[in-house]
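See below for the structure under consideration.
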Amino acid sequence: MPTSLLPDPILDLDVCALAAATRRGDLTASEVTRAYLSRLNAHNPRLHAVITVNPQAEADAARLDTLPDTKRGPLHGVPLLIKDNIDVAGLPTTAGSLLMLAHVPATDAPLVARLRAAGAVLLGKANLTEWANFMTLGMPNGFSGAGGQTVNPWNVLLGGGVRDTGGSSSGSGVAVAARLCAAAIGTETSGSIVSPAHQSGVVGVKPTVGLVPRTGVVPISSSQDTAGPLTRSVRDAALLLSVMAGPDEQDAASRRLPVPDLILAPNALEGAHIGIIRDEPHLTPEETAALAVAETHLKAAGATLHDLTFPTRAELSGWQLEVLEYEFKATLNAYLGGVQHGPRSMADLLDQIDEDPARLAPYGQTLLHAAQGTRGDLSERSYAYARERDLDLSARRGLDALYAEGLDAIVFPGIHGYGIVAKAGYPSLALPIPLPDAPPCGILLTSPAGSDARLMALAAHLNTALGGLQFPLDPALPAAPPQPPA
């Protein structure tokens, strides 16, 4: 058997328990940070989940240890990783691109500033599928020029395998599952939080679009982008979301939504009406088994289940990416316009890639070229038609028609349906379902726009009924082999 690092008991604590321990003084922020940095440094050379380690992390933790009890925030001393398309002051924001290595923002994205103010320790930046997986078609999930190929920790634990990491928040999902951090922040346009959460067996929450501000986040879509947490438990996700949520004057979408009360109501499933989507084709045996386990526990917790077929299923075939292609140019140009050291526009990005495409775009740049070919101001009639069609099929005649029957939430097997939910802008949550002797699998729960608190309360009740915290991996992963000197 390969040698393993002895697990540190600190790694057994979820965010809520960890923050309570550091606020009480049972643990210091420095102790916690050192434990996670030790594990990260041991395993990241194999997993490639982290692009940049924050050299100030230990100093930040030591500063938090000097705070009096009355000044300690809800995330005091909790070590987090931030996806590397979100601005963290003093660390590069690369979006996974070698061309962005010199881009070091001077200020935090608002969501990051809120996490810092709540006492979080930022361990570094998580790897991702380059340009949030909207650079080209056919790029492997978890690959970026800046960070290499992220590896699902299940492949390491089981001694081999090719289990996908999901994308694009690949490093965030892997890092939480492998306990390289207590929790991580990812971003999603369509599946980019719930997919890696599902593949690594952790909880992933895509909030209602606009609940978390997008300022300081490398964008794709003005209508679908959002940041969200990847965690070990639903209660952890609710805590992180309660810190990040709230309006930001620079993000018009965030100014329209009130901040929900994310104190989770107990026993939320009692009397709840949950729809189960039955017409998803091509389910794997694991997805079928996970759904069956979920249904058993939902009923036992007091929920009434309703079998559903999706109303616009016949019209969803051949659903394309037009909306994202049209919105990408405008949003990316707006972000790159503030970059001092790196490409200043999508056109500039493509020009620089063309100087060395084999190194800078080994899988191509199909989607970048498609987006660059648009006007960039969303004035095309075809954009308006595509956006209207998306909303009609996903929301008005799709999810809204089902919710009108009195449902509190809808469950899709696996993460089927993530694209439908993303186009509607509604919240969704990937919840792992433990299966004996099987790799991670789970379900996707979704609810109407703005109902994030209700969704998370329902999911938290199910999470508890399933056995509480889901630790998919033994913390004693085989350590990475020693690296030769640079």
Side-chain angles (χ1 to χ4, degrees), residues 29-30 32-34 36-41 43-45 47-64 75 77-132 142 144-148 150 168-176 180-187 212-219 227-230 240 243-244 248 332 335-336 338-344 486:
S30 293
V32 174
T33 299
R34 285 195 296 269
Y36 273 98
L37 284 174
S38 175
R39 184 167 176 84
L40 190 160
N41 290 328
H43 295 299
N44 194 59
L47 299 177
H48 300 287
V50 181
I51 292 180
T52 302
V53 177
N54 181 8
Q56 296 299 314
E58 290 193 70
D60 291 343
R63 178 185 55 78
L64 289 169
L75 296 176
V78 173
L80 303 180
L81 283 166
I82 309 295
K83 185 177 178 179
D84 202 14
N85 61 344
I86 303 173
D87 287 350
V88 173
L91 298 180
T93 298
T94 71
S97 171
L98 291 168
L99 293 172
M100 296 282 282
L101 290 174
H103 170 49
V104 181
T107 58
D108 288 332
L111 73 90
V112 172
R114 293 169 186 178
L115 293 168
R116 279 198 206 263
V121 176
L122 306 184
L123 295 182
K125 306 296 288 293
N127 200 3
L128 68 159
T129 317
E130 191 164 338
W131 294 108
S144 74
T150 311
S168 66
S169 303
S170 315
S172 298
V174 166
V176 174
L180 308 189
C181 58
I185 307 302
T187 66
V212 177
R214 288 90 57 89
T215 306
V217 179
V218 181
L230 293 96
L240 286 167
V243 169
M244 294 187 291
D248 169 60
L332 188 62
Y335 181 91
L336 293 179
V339 170
Q340 299 300 313
H341 303 287
R344 301 297 304 278

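Everything numeric in this text was worked out from a predicted model, so none of it was measured.
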Do you know which two heavy atoms are closest between A29 and G77, and how far apart they sit? CB-CA, 3.7 Å
Side-chain touch T129/T150, heavy atoms, less than 4.5 angstrom: no
Taking C-beta and beyond as the side chain, do Q56 and L122 meet within less than 4.5 Å on heavy atoms? no
Is the backbone of V339 close enough, under 3.5 Å, to the side chain of R344 for a donor and an acceptor to pair up by distance? yes
Would you indicate whether the side-chain heavy atoms of V104 and P92 approach each other to under 4.5 Å? yes
Sidechain-backbone polar pair: S144 side chain, G147 backbone, donor-acceptor under 3.5 Å: yes
What's the separation between atom CG in L37 and atom CG in L180, rounded to the nearest 0.5 Å? 10.5 Å
State, to 0.1 Å, how close A182 and V78 come at their nearest heavy-atom pair, and which atoms those are. CB-CG1, 3.9 Å
Min side-chain heavy-atom separation V217-L111 under 4.5 Å: yes
List in chain and number order the residues that pass ring-ring contact (aromatic ring centres under 6.0 Å, His included) with H103, two or more places apart in sequence or in another chain; answer none if no residue qualifies. Y335
Does G124 offer a backbone N or O that forms a donor-acceptor pair with the side chain of T52 under 3.5 Å? no
Any chance you could lay out the side-chain contact (heavy atoms from CB on, under 4.5 Å) test for N127 and I51, step after step, and finish with the verdict? CA-CA 5 Å; N127 200 3; I51 292 180; 3.4 Å; yes
Atom pair CG/CD1 of L128 and I86 - distance to nearest 0.5 Å: 9.5 Å
Scan residues 90-106 for pairs that pass salt bridge (Lys or Arg N to Asp or Glu O under 4.0 Å), counting only residues two or more places apart or in two chains. none
Working to the nearest 0.5 angstrom, can you tell me the gap between N85 CG and S97 OG? 12.0 Å
By the salt bridge (Lys or Arg N to Asp or Glu O under 4.0 Å) test, which pairs, at least two apart or in different chains, include something from residues 87-106? none
Below 4.5 Å, heavy atoms only, C-beta onward: do L80 and L240 meet side chain to side chain? yes
Close side-chain approach of P110 and M244, heavy atoms under 4.5 Å: no
Going by heavy atoms in the side chains, are V218 and L332 under 4.5 Å from each other? yes
Is there any ring-ring contact (aromatic ring centres under 6.0 Å, His included) pair reaching into residues 104-125, and which pairs are they, with sequence neighbours excluded? none
Any donor-acceptor N/O pair, T94 side chain to M100 backbone, under 3.5 Å: no
Short question: side chain of N44, backbone of A49 - any donor-acceptor pair under 3.5 Å? yes
Which pair of heavy atoms, one from S168 and one from K83, lies closest together, and at what distance? OG-NZ, 2.7 Å
Here the pair of heavy atoms bringing A109 nearest to G216 is CB-O, 3.7 Å
Under the rule for side-chain hydrogen bond (donor to acceptor under 3.5 Å, both in side chains), what residues qualify as partners of D60, not counting sequence neighbours? none
For N41 and P45 the tightest heavy-atom approach is O-CD, 3.3 Å
The single option from V88, L115, I82, L91 passing side chain to side chain contact (heavy atoms under 4.5 Å, CB included) against D108: V88
Where do I185 and S172 come nearest, in terms of heavy atoms and distance? O-OG, 3.2 Å
Using the test side-chain hydrogen bond (donor to acceptor under 3.5 Å, both in side chains), find all partners of T215 that sit at least two apart in sequence or belong to another chain. D248
Heavy-atom check, side chain of Y36 versus side chain of V121, under 4.5 Å: no
